[in-house]
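Scroll down for the structure; my scribbles are underneath it.
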Amino acid sequence: MKQLRRIHAKMIVTGLVLEIAAASRLIQFCSSSPCGDLHYAFSVFTQIAEPDVFLWNILIKGYAQSRETAKAISLYREMLRRSFRPNEYTFPVLLKACSYVPGTGTSVQGHVLKTGNDAVVEVQNSLICMYSRSGRVESACKVFDTSSQRDTVSWNSMLDALTNSGDMDSAWSFFNSMPQRNDISWSAMINGCVNNGLFMKSLELFEQMQVQNVKPNDRTLAGLITACSNLGALEQGRWIHAYIERTELRPSLVLSTALIDMYAKCGCIEAARAIFDETRNRDLVTWNAMINGQAIHGNAKQALALFDEMVECSLTPDGITFAGVLSACSHAGLLEKGQEYFYLMTGTHRITPDSGHYGCMVDLLGRAGRLSEAEQLIKAMPVKPESSVWGALLNACWVHGNTEMGARAGRVLMELDPENSGRYTLLSNIFAKAGDWNEAALVRKKMKEKGIRKTPGSSLIELNGSLHEFVMGDQLHPDIEHICKLVDDLTAEMATSYDKERSEALDLEDQEEIL
DNA sequence: AGACCGCGAC
């Protein structure tokens, strides 16, 4: 930009700015280069008496790409007002902006027809994407079905629209009927599976993709890593990591971030940290992955240190950053710190907290025994509290033995989350703790009547490449005796420092369920 | 003269 300004100055002196060809190059650079400056481009643009369609187009593109969608659209309106005729290059960039501004897409489609650009394949494809992004699959389908010509992009865009809508059955048959597939088709299908929770399926697809000799791109690999995070499939995750190191000189930022998240979620916080330390040009998402990873592992100190470090690097935290920071505070019971961050988030950064943020605050206040403040906070929430928020309060009521508030929270939870057996158990335990055995039994009866059963707890662990699964109460593991002995020893060790109040004896059935 | 469509990790 510095050099560019110098050139611009020279152009003004020589009168070259008035030459539209020269000025165009200047504006093109400012609006599309990553180190450019959109406002600068705009100010040069405004000084041109007779801009051409090309100039309008690249400015609209600049705004659409930098997410200033409203500005992109108002620029387009201005262009029409000044009687410029949009061409085949105008619509693809404009429609990108339209996906984010409700109600604009359909009228732009009208302009496409009126200006005779409806047969241009890029324009048709952009329409499909626009409808897909605005959640209107049927309209996307209609454009696809009636389009005069289709290229690979058309098919891929339509596939993407189908997976976005969650209709994976249609997506499957569409994928199988495609006349040609490239790496992007495969990555669209793999990511579609991941986004719809079909993690195993996505790994299977990757195998097929390799059989067919299609080279995975960054998007494919990022999707697969996400699948591994969700499955806790560390070994597969490691394999993909090794694959990346084998095939790329340095993993892209997106891949590094996905790997950090995967290792953290699979329990390898050190591996996550190692990648984080090696990652250059970390962005907000990278920091968020690491902060949330430390929070998951209960490392409050590290999470908060990372937050400070991130701010020092002049990055602006967002709602996800604070989700990690607050949950770290909540795990460690750091009430004052948590409050500090909550005010930093809402006051300084003007971020609207979601249910998760409130859940952390309710948990913090509740554990500290400040139950009425916790309840007040829920009542003052501008968004509808999810069940987890009331769950945090119910838990606090159990810890601190507040029966009345517990009953109130319990009632809300029976409405909000009637299938969750844990809530019934906790509420019943609150009554039992207060000696109100009638109420305790009543809650249990209601639970039985509704046929709610406890989902058996299960855990998976991968050790030296083989998977060990434990389901609540099973005795199937070959080493079960050894494992139980170790658990007993650990329990005994913990009991010595266990909060006396919480270990208060209830009847045997209750004890089982709490554990 | 110069450009346009498919992909977003927390």
Side-chain angles (χ1 to χ4, degrees), chain A residues 19-29 31-32 52-62 64-65 67 86-96 99 117 120-130 132-133 140 143-144 147 149-161 163-164 178 181-192 194-195 216-227 229 251-262 264-265 272 276 279 282-293 295-296 317-324 356:
Chain A
E19 297 280 331
I20 197 161
S24 287
R25 298 228 179 254
L26 196 78
I27 293 168
Q28 188 178 8
F29 174 83
S31 67
S32 61
D52 57 7
V53 179
F54 172 78
L55 272 176
W56 285 100
N57 289 350
I58 53 173
L59 263 177
I60 292 172
K61 181 187 175 194
Q65 277 177 345
R67 297 276 167 114
N87 63 12
E88 58 187 304
Y89 295 105
T90 316
F91 293 112
V93 290
L94 177 67
L95 286 164
K96 202 172 246 175
S99 351
N117 285 297
V120 180
V121 70
E122 286 90 349
V123 176
Q124 289 171 345
N125 294 343
S126 303
L127 280 166
I128 294 172
C129 287
M130 183 274 293
S132 157
R133 277 194 275 249
V143 176
F144 180 83
S147 55
Q149 48 169 328
R150 294 175 198 134
D151 60 9
T152 319
V153 179
S154 322
W155 285 87
N156 288 343
S157 306
M158 195 54 230
L159 176 63
D160 214 56
T163 64
N164 278 344
M178 283 171 70
R181 290 183 211 143
N182 59 12
D183 59 326
I184 292 168
S185 327
W186 284 91
S187 74
M189 200 58 215
I190 286 175
N191 280 287
V194 173
N195 293 332
N217 59 27
D218 264 24
R219 281 282 306 139
T220 323
L221 296 166
L224 292 166
I225 297 167
T226 308
S229 317
S252 69
L253 185 61
V254 172
L255 285 185
S256 299
T257 304
L259 285 170
I260 291 167
D261 177 60
M262 186 274 293
K265 292 223 174 96
F276 179 80
T279 305
R282 302 164 193 150
D283 68 1
L284 179 64
V285 186
T286 318
W287 284 92
N288 283 353
M290 197 62 233
I291 290 172
N292 277 281
I296 294 169
D318 68 356
I320 294 166
T321 321
F322 282 106

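A note on names: the letters A, B, ... follow the listed sequences, proteins ahead of strands, and every chain is numbered from 1.
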With a non-hydrogen cut-off below 4.0 angstrom, is Ile58(A) in contact with a base, only sugar-phosphate, or nothing? nothing
Would you kindly check whether a donor in the side chain of Asn191(A) faces an acceptor in the base of dA9(B), or vice versa, at under 3.5 angstrom? no
Can you find a side chain N or O atom of Lys61(A) that sits less than 4.0 Å from OP1 or OP2 on dA3(B)? no
From CG of Asp261(A) across to P of dA9(B) the rounded distance in Å is 11 Å
Inter-residue atom distance Arg219(A).CZ - Asn191(A).CG, 0.5 Å rounding: 3.5 Å
Contacts of type side chain to side chain contact (heavy atoms under 4.5 Å, CB included), residue Asn182(A), not counting sequence neighbours: Thr152(A), Asn156(A), Ile184(A), Ser185(A)
If you look at every strand shown and take non-hydrogen atoms under 4.0 Å, does Thr257(A) touch a base, only sugar-phosphate, or nothing? base
Nearest whole Å is fine: how far is dA1(B) P from Leu55(A) CG? 15 Å
Taking only residues two or more places apart in sequence, or in another chain, which ones meet Trp186(A) in a ring-ring contact (aromatic ring centres under 6.0 Å, His included)? Phe175(A)
Does Ala222(A) reach a base, just sugar-phosphate, or nothing at all? Heavy atoms under 4.0 Å. nothing
Are the side chains of Phe91(A) and Ser126(A) in touch, meaning some heavy atoms are under 4.5 Å apart? no
Take the protein atom CD1 of Ile128(A) and the nucleotide atom P of dC5(B), then report the distance between them rounded to whole Å. 14 Å
Measuring from the side chain of Asn125(A) (C-beta onward, heavy atoms only), which nucleotide among dA1(B), dG6(B), dC5(B) has the closest atom? dC5(B)
Choose from dG6(B), dC10(B), dC4(B) the nucleotide whose nearest atom is closest to any side-chain atom of Val153(A). dG6(B)
Name the closest nucleotide to the Phe54(A) side chain, picking from dC5(B), dG2(B), dA1(B). dG2(B)
Contact class for Asn117(A) (heavy atom, under 4.0 Å): base, sugar-phosphate, or nothing? nothing
Using a heavy-atom cut-off of under 4.0 Å over every strand shown, decide if Asn182(A) touches base, sugar-phosphate, or nothing. base
Closest of dC10(B), dG2(B), dA1(B) to the Ile20(A) side chain is dA1(B)
CG of Asn57(A) versus C1' of dA1(B): gap in Å, rounded? 14 Å
NZ of Lys61(A) to OH of Tyr89(A), rounded to nearest 0.5 Å, is 11.5 Å
Between dG6(B) (P) and Arg133(A) (CZ): distance, integer Å: 6 Å
dG6(B), dA9(B), dA1(B): which one has an atom nearest the side-chain heavy atoms of Val285(A)? dA9(B)
Confirm from the modelled atom types if Asp183(A) and dG6(B) form a donor-acceptor pair under 3.5 Å, side chain to base only. no
Pick base, sugar-phosphate or nothing for Ile225(A), based on heavy-atom distances below 4.0 Å to the nucleic acid. nothing
What's the closest nucleotide to the Asp283(A) side chain, out of dA9(B), dC5(B), dC10(B)? dA9(B)
Separation of dG2(B) C1' from Trp56(A) CH2 (nearest whole Å): 18 Å
Does Ser187(A) reach a base, just sugar-phosphate, or nothing at all? Heavy atoms under 4.0 Å. nothing
I want to verify a distance call: between dA1(B), dC7(B), dA9(B), whose nearest atom is closest to the Ala21(A) side chain? dA1(B)
Nucleotide dG6(B), atom P - distance to CG of Asp160(A) in whole Å: 10 Å
Atom OH of Tyr89(A) and atom C1' of dG2(B): how far apart are they, to the nearest Å? 9 Å
At what distance, to the nearest 0.5 angstrom, does CD of Glu122(A) lie from CG of Leu127(A)? 12.0 Å
